[in-house]
Number of protein chains: 2
Amino acid sequence: MKAIPLTAASIVEAAADLADATGFDSVTLSAVARRLGVRSPSLYSHVQDRDALLEGVTVLALTELASRVSVAVAGRAGRSALEALADAHRDYARESPGRWDALQRPVGEEAARSAGARDIVALTAAVLRGYPLPESEHVHAVRFIGSTVNGYLRIERNGGFAHSRPSAAVSWHRIIDALDAALRAWPAPSEGARP
Amino acid sequence: MKAIPLTAASIVEAAADLADATGFDSVTLSAVARRLGVRSPSLYSHVQDRDALLEGVTVLALTELASRVSVAVAGRAGRSALEALADAHRDYARESPGRWDALQRPVGEEAARSAGARDIVALTAAVLRGYPLPESEHVHAVRFIGSTVNGYLRIERNGGFAHSRPSAAVSWHRIIDALDAALRAWPAPSEGARP
DNA sequence: ATGATATGCCTAACACCATTAGGCTATGAC
DNA sequence: GTCATAGCCTAATGGTGTTAGGCATATCAT
């Protein structure tokens, strides 16, 4: 049963797999220990506490997502890059629902400083090269894209679109269209904008 | 201590207050019972289980949010209405963080069918009257606005913007500007769009 | 090789939580 | 007055996170 040696990384991975299989909320130290063929107190040699474990899953998910986004947007520009970025998020949310849920939690220090987080921001900013935005607007546009994509996927995942027509799949393309249009028609900053 | 009679509504309200005060995750049957000066098994006469209680908080939050949005957008049109709607969401998220968190959960039957949920969708659609969108695009635009506003507030709340400059407050206005621009420049549906 | 040390698992224990079963009491109907 | 019911209670069960301390095995100095 203990084919895998017990390390911080292997525990986090087991937790992530468990999250994908049975839901992020069911990631409990007991369940992870069970899955590793070990008693739960044994995990404390490698992991500070439950919160640190969940934060570890968040960091892992950020890394994986950054990698997917990176591959998706490579060699693309403009609308094509935007769509690839959005679809990479959506695919990840679909294929690894538990890991993706880990992204929807208050970010701790470790996640905030992680390479994955930085990369995702940088890659989103890179997509903006295909649009006529001044450099000073990039922060806002990155946040805009992030908010919309994340918000849509989360509402879809929570079933918010399940009770109305048409299906969420149709809206997804319209929303990428709208994002694209918004970036093309990006409004000039009004006077109140100070960094 | 039992100034308030124990009913389903009073229990849900106590749970919502507790969520605002100490965080949505800390809403436990024990804690709610404690707050009501009662033992936790007593709650089961009025509430099915913990999940039903949380769903009740969600419905309450939907109702309250719908009411705020309704007041905010009344007598406004176009960008002014859009901004009022977004700010109503943001104010609610700020003032009642626990209740607002209740909105970010998988929606059950009761929440999906609630008047609050229907009203919020209808009010968002009403904002679109000030923009040149064909009726058939309203669903998508409503989902677009909902995704962006929700996504932004959630990332802000999770501290996703806390580690970068400029502050989230500045971006908020830029994002409403961008939403406004997107609705004005709403792209024509491509051929693939079938309801 | 041998003994010291340290690592890393274990069991035991505690407090907290959700939930069920069943008892006691006060309130209302008749 | 009696009786039934509603609504609280206590008791108990099984699951959770977490800490304390035991015990074996691997690592290393000599």
Side-chain angles (χ1 to χ4, degrees), chain A residues 1-60 98 101-102 104-111, chain B residues 1-60 98 101-102 105-106 108-111:
Chain A
M1 188 74 91
K2 40 176 83 170
I4 304 169
L6 221 51
T7 69
S10 72
I11 293 174
V12 165
E13 198 182 327
D17 290 346
L18 187 63
D20 284 339
T22 66
F24 187 74
D25 288 342
S26 78
V27 175
T28 158
L29 285 183
S30 316
V32 172
R34 217 149 30 220
R35 168 175 275 253
L36 290 169
V38 136
R39 305 304 184 121
S40 45
S42 305
L43 303 181
Y44 284 86
S45 302
H46 309 276
V47 157
Q48 178 134 37
D49 56 9
R50 180 167 189 258
D51 209 61
L53 173 61
L54 299 185
E55 175 93 353
V57 176
T58 300
V59 172
L60 173 65
D101 276 349
Q104 322 293 315
R105 336 176 309 134
V107 301
E109 278 300 314
E110 194 189 347
Chain B
M1 187 74 92
K2 41 176 83 172
I4 303 170
L6 221 50
T7 69
S10 71
I11 294 173
V12 166
E13 198 181 327
D17 290 347
L18 188 62
D20 285 339
T22 67
F24 187 74
D25 288 343
S26 77
V27 174
T28 160
L29 284 183
S30 315
V32 172
R34 219 151 28 223
R35 168 175 276 252
L36 291 168
V38 135
R39 304 304 183 123
S40 45
S42 306
L43 302 181
Y44 284 86
S45 303
H46 308 276
V47 159
Q48 179 135 37
D49 57 8
R50 180 167 188 259
D51 210 61
L53 173 62
L54 299 185
E55 174 94 352
V57 176
T58 301
V59 172
L60 173 66
D101 277 347
R105 334 178 310 136
E109 279 299 315
E110 194 189 347

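Below, chain A is the first sequence line, B the second, and so on; all start at residue 1.
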Novice: Could you pull out the closest heavy-atom pair between L29(A) and Y44(A), with the gap in Å?
Specialist: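 The pair with the smallest heavy-atom distance is CD1-OH, 3.1 Å.
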
Novice: Show me the pairs that pass side chain to side chain donor-acceptor pair (under 3.5 Å) and involve residues 14-29 of chain A, at least two apart or across chains.
Specialist: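 Listed once each, the pairs are D17(A)-R99(A), D20(A)-R99(A), T22(A)-S26(A).
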
Novice: Can you tell me if H46(B) touches the phosphate of dC8(D), counting only side-chain N or O atoms and a distance under 4.0 Å to OP1 or OP2?
Specialist: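 For H46(B), the contact criterion (side-chain N or O under 4.0 Å from OP1 or OP2 of dC8(D)) is met.
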
Novice: When the distance from CZ of R34(A) to C1' of dC10(C) is rounded to whole Å, what number comes out?
Specialist: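 Computing the R34(A):CZ to dC10(C):C1' distance gives 17 Å.
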
Novice: Are D51(A) and R105(A) close enough that some pair of their side-chain heavy atoms sits under 4.5 Å apart?
Specialist: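 Yes - at least one pair of side-chain heavy atoms lies under 4.5 Å apart.
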
Novice: Within the sub-3.5 Å range, which N or O atoms of nucleotides 21-26 of chain D have a protein N or O partner, and how far apart are they?
Specialist:
none

Novice: Out of dG7(D), dT16(D), dC9(C), which has the shortest distance to the side chain of S42(A)?
Specialist: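 Closest nucleotide to the S42(A) side chain: dC9(C).
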
Novice: dC8(D) P sits how many Å from L36(B) CG, rounded?
Specialist: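 From L36(B) CG to dC8(D) P: 10 Å.
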
Novice: Looking at S30(A) and S40(A), what are the two nearest heavy atoms and their distance?
Specialist: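 What the structure gives for the nearest pair is CA-CB, 4.0 Å.
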
Novice: For L60(A) versus A16(A), what's the shortest heavy-atom pair and its separation?
Specialist: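 Shortest heavy-atom contact: CD2-CB, 3.7 Å.
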
Novice: On the nucleotide dC8(D), are OP1 or OP2 found under 4.0 Å from the side-chain N or O atoms that R39(B) carries?
Specialist: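 Indeed not, no polar side-chain atom of R39(B) lies that close.
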
Novice: Could you tell me the separation between the CG atom of L53(B) and the NE2 atom of H46(B), rounded to the nearest 0.5 Å?
Specialist: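 Reported value, rounded in 0.5 Å steps: 12.5 Å.
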
Novice: Do V107(A) and T58(A) have side-chain heavy atoms sitting under 4.5 Å apart?
Specialist: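 V107(A) does not reach T58(A) side chain to side chain.
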
Novice: For a quick test of reading the model, state the closest non-hydrogen atom pair linking V27(A) to A15(A) and the distance between them.
Specialist: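 That closest heavy-atom pairing would be CG2-O, 3.6 Å.
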
Novice: Under 3.5 Å between N/O atoms: give me all the protein pairs with nucleotides 17-20 of chain D, atom names plus distance.
Specialist:
unit_1	atom_1	unit_2	atom_2	d
dG17(D)	OP1	T28(A)	OG1	2.6
dG17(D)	OP1	L29(A)	N	2.7
dG17(D)	OP1	R50(A)	NE	3.4
dG17(D)	OP2	T28(A)	OG1	2.7
dG17(D)	OP2	L29(A)	N	3.2
dG17(D)	OP2	S30(A)	N	3.0
dG17(D)	OP2	S30(A)	OG	2.8
dT18(D)	OP2	Y44(A)	OH	2.9
dT18(D)	OP2	R50(A)	N	2.8
dT18(D)	O5'	Y44(A)	OH	3.0

